[in-house]
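Taking it in order: structure first as structure tokens, then the write-up.
Keep in mind that this is a model prediction, so the values were computed, not measured. Just so it is clear, the values below take in all heavy atoms, side chains as well, and ignore hydrogens, waters and symmetry mates. Every number for a ligand or one of its atoms is a count from 1 in the order of the listing.
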Amino acid sequence: MKKQIKKLLIANRGEIAVRVLRSAKEMGIVTVAVYSEVDRLMPHVRLADEAYCIGKATAAETYLQKEKIIEVALKSNSDAIHPGYGFLSENAEFSKMVEDAGIIFVGPPASAIKSMGDKIAARKLVKAAGVPIVPGTDVQISDISEASAFADKFTYPILLKAAGGGGGKGMRIVSNVDELASAFRSAQSEAQSAFGDNRVYVEKYLENPRHIEFQILADQYGNAIHLGERECSIQRRHQKIIEESPSVIITPEMRKKMGESAVKAALSSGYVNAGTIEFLVDKHRNYYFLEMNTRLQVEHPVTEMITGIDLVKEQLRIAMGQPLSLKQEEIRFRGHALECRIYAEDSENNFLPSIGIITKLRSPQGFGVREDRGVDEGNEISVYYDPMISKLITWADTRDEAIHKMTRALKEYNLAGVQTNIQACSWIINHPKFIEGNFDTHFIKEYFTPEMLRNENKQIPEALAIAAAFIQKFEKIEAQQIAGTDRDGSISNWKTKRYENLRG
Ligand code: ADP
């Protein structure tokens, strides 16, 4: 069914709200922002055509307020709501409420969000569609003896996982039978408090896998394509920080095979709009479905850079009922894109968030450098939301060039007021293993220690001290020369004359 979107409400904040409204504006769509009181000075509020305050501060009283957001959409005559990522983006109930209110939800139908949001249900659907899944129990476990029976068959380590999980929560690695009981209890209770759902199931814990995901697009008429992979193995606490496309390990044959699996997996849930199929790849290059994210992904820009396709515009076109404008064979990949997520955090202290006001902010620029940012100088990184400052993306013909460009861009990034992971990102992308492309999801755990950054920091003051001494010495000599004195203090006519000439 075709419907026009003339006005779009963006139910989000930060960089993704800005990202979405930019594409909407380019399509001639009027944009509406919602914001919390603490966010009133943020760029997404300033850049939108209209903005409405929806509450004080916490996510629960603002960006998670389903009724309030729908009320604003109706009051402002918005035809559609884009949920961004996080907050209500994967909330099936919200998607249904939006559609029931006669508003277009820019995302998949509630049924697809529901079946893919439940990891146990998703595994069943995808397996039935013929896509390989990580070995695991097909049902929730109610007792540790079931987990122990699984481990007897597949050997330790195993992974306890929350069925309704996300963001690395409710996951516990179990290395032996002695750890099982307490891991089960804590996974269950974390799942209950984070998702209101204490169901836990078991997966084989794959040793040293790579996290590789596929971007898919599906229209309302059963057509679906994939836009290639993103390599997302560089993670801390199971959360991605550096992503790239293409992945060094994916051959054209593997891309074709995994891409076809991704399309099958998406269609198994009746998926519509943009989505991501995540896979784990083991050292033998076997791949296994991990989960589907039923929304736009944080790292979507790397796909945009190498395909030249604006994913938000595609989302809006699909939501308006247009058929996909591209066929699989028309998708071309060009060059290499790398993304660093710039966080306000203390890399030397277990990546803990660093809150405060950004007192200075100068972003890197230049050919092939893109920054998606949702905060400006003077804005605050508060305790209320995710401390991401921006996403820095570089694009170049080759991977090496993209790394060099990123290194240069990170050096140019000038930010004060909060601590950031800028130096850590630079350290990672210049690590020999990263440069070789020889890494997996354990890279940070294996190679990164705070001491490494501290050592680098120590070298900087030393280098600065040497440079300062040089400058001082040079200035002294120059001053002596300008004054026409020799180093011993006596007047030199020759020097006086020379400098007079130069100054004249
Ligand atoms: P969440 O939904 O909480 O983000 P995922 O299922 O997407 O959880 O997994 C997040 C990360 O955890 C993966 O990228 C990977 O690093 C690790 N992981 C998840 N499942 C496994 C597994 N079976 N074996 C090894 N690592 C895993």
Side-chain angles (χ1 to χ4, degrees), residues 85-86 89-91 113 115-124 126-127 131-138 140-141 147 150-151 153-175 183 186-188 190-215 229-244 247 249 258 262 265 275-284 286-295 297-299 341 351 386 439-446 448:
Y85 54 69
S89 61
E90 292 183 283
N91 189 308
I113 300 180
S115 47
M116 284 303 187
D118 180 333
K119 292 192 186 205
I120 297 175
R123 282 165 57 84
K124 268 192 203 140
V126 165
K127 190 178 169 188
V131 177
I133 59 172
V134 181
T137 55
D138 285 339
Q140 69 183 95
I141 54 161
F150 176 85
K153 193 164 162 210
F154 288 92
T155 72
Y156 286 99
I158 58 169
L159 188 62
L160 301 181
K161 260 188 174 179
K169 292 212 177 80
M171 273 204 284
R172 292 290 179 281
I173 301 164
V174 184
S175 315
S186 66
Q188 261 191 331
E190 191 171 298
Q192 179 64 38
S193 64
F195 317 111
D197 173 358
N198 74 353
R199 287 174 307 139
V200 167
Y201 72 102
V202 184
E203 272 180 19
K204 169 73 189 141
Y205 184 68
L206 300 179
E207 313 242 14
N208 303 95
R210 289 176 88 116
H211 176 122
I212 293 187
E213 59 185 33
F214 274 71
Q215 176 68 52
E229 78 280 7
R230 290 184 288 258
E231 164 73 69
C232 307
S233 299
I234 305 292
Q235 306 177 347
R236 47 132 178 64
R237 290 195 303 256
H238 300 301
Q239 287 174 341
K240 307 158 189 167
I241 39 174
I242 293 175
E243 301 98 347
E244 61 181 314
S247 162
I249 64 156
M258 289 177 78
T276 294
I277 303 289
E278 297 187 333
F279 294 107
L280 288 182
V281 179
D282 69 16
K283 56 177 184 290
H284 308 293
N286 298 312
Y287 67 91
Y288 307 93
F289 169 82
L290 184 62
E291 66 162 351
M292 177 167 197
N293 288 139
T294 55
R295 53 163 163 85
Q297 210 84 331
V298 176
E299 57 274 21
R341 299 187 189 188
F351 303 99
D386 185 71
F439 55 85
D440 55 51
T441 55
H442 300 296
F443 176 89
I444 301 258
K445 223 177 0 177
E446 233 167 275
F448 182 83

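For Lys204, there are no salt bridge (charged side-chain N to carboxylate O under 4.0 Å, His left out) partners, not counting sequence neighbours. With sequence neighbours left out, the salt bridge (charged side-chain N to carboxylate O under 4.0 Å, His left out) criterion links Arg172 to Glu190.
Atoms of ligand 1 found under 4.0 Å from any heavy atom of His211 (numbered from 1 in listed order, with element): 13 (C), 14 (O). The atoms of ligand 1 that sit less than 4.0 Å from any heavy atom of Val134 are 23 (N). Every atom of ligand 1 is numbered from 1 in the order shown, and the set under 4.0 Å from a heavy atom of Leu159 is 19 (C), 20 (N), 21 (C), 22 (C), 23 (N), 27 (C). For ligand 1 and Lys119, the ligand atoms under 4.0 Å from any heavy atom of the residue are 1 (P), 2 (O), 3 (O), 5 (P), 6 (O), 8 (O). Of all atoms in ligand 1, listed by their number and element, those nearer than 4.0 Å to a heavy atom of Glu278 are 7 (O). Short contacts between ligand 1 and Glu291, defined as distances under 4.0 Å to a heavy atom of the residue, involve ligand atoms 1 (P), 2 (O), 4 (O), 5 (P), 7 (O). Per-residue contacts place Thr441 under 4.0 angstrom from the following atoms of ligand 1 (heavy atoms of the residue considered): 16 (O). If you number the atoms of ligand 1 from 1 as listed, the ones under 4.0 Å from a heavy atom of Met171 come out as 8 (O), 9 (O), 10 (C), 12 (O).
Contacts between Lys240 and ligand 1 below 4.0 angstrom, taking non-hydrogen atoms only, are absent altogether.
With respect to Lys283 and Asp440, no salt bridge is recorded, no charged nitrogen being found less than 4.0 Å from a carboxylate O. In summary, Arg341 and Glu299 engage in a salt bridge, as defined by a charged side-chain N under 4.0 Å from a carboxylate O. The residues Asp138 and Lys127 are annotated as salt-bridged, a charged nitrogen and a carboxylate oxygen being separated by less than 4.0 angstrom. Classification of Lys240 and Glu231 as a salt-bridged pair fails, no side-chain N sitting under 4.0 Å from a carboxylate O. A salt bridge is absent between Glu291 and Arg123; no separation between the charged side-chain nitrogens and carboxylate oxygens falls under 4.0 Å.
Arg230 is listed as a side-chain neighbour of Gln297, based on a closest heavy-atom distance under 4.5 Å.
Looking from atom 26 (N) of ligand 1 to the surrounding protein, the closest heavy atom is Tyr205 CE1, 3.6 Å. With respect to atom 16 (O) of ligand 1, the closest heavy atom belonging to the protein is Gln235 OE1, 2.8 Å. In terms of protein heavy-atom proximity, atom 27 (C) of ligand 1 is nearest to Leu280 CD1, 3.6 Å.
Between Leu206 and ligand 1, at least one N/O pair is under 3.5 Å apart. Polar contact check, Gly168 against ligand 1: a nitrogen or oxygen pair lies under 3.5 Å apart.
Checking Lys204, Lys161, His238 against atom 12 (O) of ligand 1, the nearest heavy atom belongs to His238.
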Run the side-chain contact (heavy atoms from CB on, under 4.5 Å) check on Ile141 and Val202 step by step: do they pass? CA-CA 8 Å; Ile141 54 161; Val202 184; 3.7 Å; yes
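The distance between the ring centers of Phe289 and Phe214 does not fall below 6.0 angstrom.
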